[in-house]
Amino acid sequence: MSTHVGAEIAGQPDCWRRAAELAHRDAALLPARGERVAVVGCGTSYFIARAYAALRESLGAGETDAFPASDSTPLGRGYDRIVALTRSGTTTEVVQLLAGAAGAVPTLVLTGVPDSPAGQLADRVLDLGFADERSVVQTRFATTALQLLRAGLGVDLTSAIADAELVLYERLPAAWERRGQFTFLGTGWTVGLADEAALKLREVARAWTESYAAMEYRHGPISISDRSSLVWCLGPAPSGLKDEVESTGALFAADAIDPVAALVRAQRLAVALAVRRGLNPDRPRNVSRSVILSGAFRPTAAEAARILRA
Ligand SMILES: N[C@@H]1[C@@H](O)[C@H](O)[C@@H](COP(=O)(O)O)O[C@@H]1O
């Protein structure tokens, strides 16, 4: 089946090359070392925000917290910059948060549509139009935004790009597609990627998925693990975990490749699973490309402004 999402998944290595160039060219737009940064987004964009926040802190580049844009209350704590990730630039919670931040906290928006409401409200805009997508679900835009931010932290993307190119050509293990339950695990910054992988299988293939920080899985969630489960650690697995999971009968997988390339592998599994289940990956149930709320969302722009100045 030829799908938009399939083509977008395949386009990721090229987009990551452009992201590396952009990070170099527009380095001055990115948060400076030592800045206290809040990163926000919704859905996939929020999970990518989580990954970036954990990575930036782990590299000692500055205190960084990630929030869903719908939950802006913690933003009262005085950040030097708000970084918003939004493919469409129209998501209500993101637009309202930026409206509230205007004049109070400097903002940077990474978006596929610079002249969108979010783009127009931002102090700085990074134009990722080259990675924009037709699909409802995000794949290419999200990873490209993350790779740009990684490159901005000094990460060399060469091996990530090479790994993703290999992932696009590999055959996925047939046993993975026959599973009924999927759990994604991560450590440090890859926990956000595990969340995103789980979301992808849920959105695209209506699969039962969960995600955790790897060792948290042992503290309760492992009780659902059985012969129908695939437990997949994006990145190397903490020692001992594999044996413990396999003793439940579950299939265990861990990636030795770049974690964002491992996310590409999970995207491919989502599409394969959808096709196997007779679903169209371009038409996920109950979700839209961008969620624009009318009236129901709180806080209003004025309330958000008050929170930000608190
Ligand atoms: N189905 C889409 C998601 O794919 C997207 O992650 C989210 C945020 O969208 P945006 O990044 O445009 O703000 O909106 C919707 O829920």
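The structure presented is a predicted model; accordingly, all values stated were derived computationally and were not measured. First listed ligand is number 1; within each ligand, the first listed atom is number 1.
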D156/R150 ion pair, N-O < 4.0 Å: no
Contact atoms of ligand 1, heavy-atom distance to T44 under 4.0 Å: 6 (O)
V245: side chain to side chain contact (heavy atoms under 4.5 Å, CB included) partners, not counting sequence neighbours: Y217, I222, S225, V231, L241, A250, F252
NZ/NE/NH1/NH2 to OD/OE distance under 4.0 Å, R285 and E203: no
Atom 16 (O) of ligand 1: the protein heavy-atom neighbour that sits closest, reported with distance to 0.1 Å: V291 CG2, 3.8 Å
Heavy-atom proximity to atom 13 (O) of ligand 1, best of V109, T91, D132, T92: T91
4.0 Å heavy-atom contact, G41 with ligand 1: no
From CA spacing to verdict: side chain to side chain contact (heavy atoms under 4.5 Å, CB included), L201, W208: CA-CA 8 Å; L201 266 72; W208 172 21; over 6 Å; no
I9 vs R140 side-chain heavy atoms within contact, under 4.5 Å: no
For atom 7 (C) of ligand 1, the protein heavy atom that lies nearest, with its residue and separation: C42 O, 3.7 Å
Nitrogen or oxygen of S290 less than 3.5 angstrom from that of ligand 1: no
Which of the ligand 1 atoms, numbered from 1, are nearer than 4.0 Å to a heavy atom of R87: 10 (P), 11 (O), 12 (O)
For atom 5 (C) of ligand 1, closest protein heavy-atom neighbour: Q138 NE2, 3.5 Å
4.0 Å heavy-atom contact, A69 with ligand 1: no
Nearest-option assignment for atom 15 (C) of ligand 1, heavy atoms, candidates S288, A118, P284, G43: S288
Side-chain donor-acceptor contact under 3.5 Å, T143 with Q12: yes
Validation row: V204, Q267 side chains within 4.5 angstrom (heavy atoms): no
Identity and separation of the nearest protein heavy atom to atom 14 (O) of ligand 1: R289 O, 3.7 Å
Pairs touching residues 166-198 that satisfy ring pair (Phe, Tyr, Trp, His ring centres under 6.0 Å), sequence neighbours left out: W176-W232, F184-W232
Heavy-atom neighbours of H24 NE2 exceed 12 at 6.0 Å: no
Enumerated ligand 1 atoms positioned under 4.0 Å from heavy atoms of V136: 1 (N), 2 (C), 4 (O)
S45 neighbourhood, listing ligand 1 atoms whose heavy-atom distance to it stays under 4.0 Å: 6 (O), 11 (O)
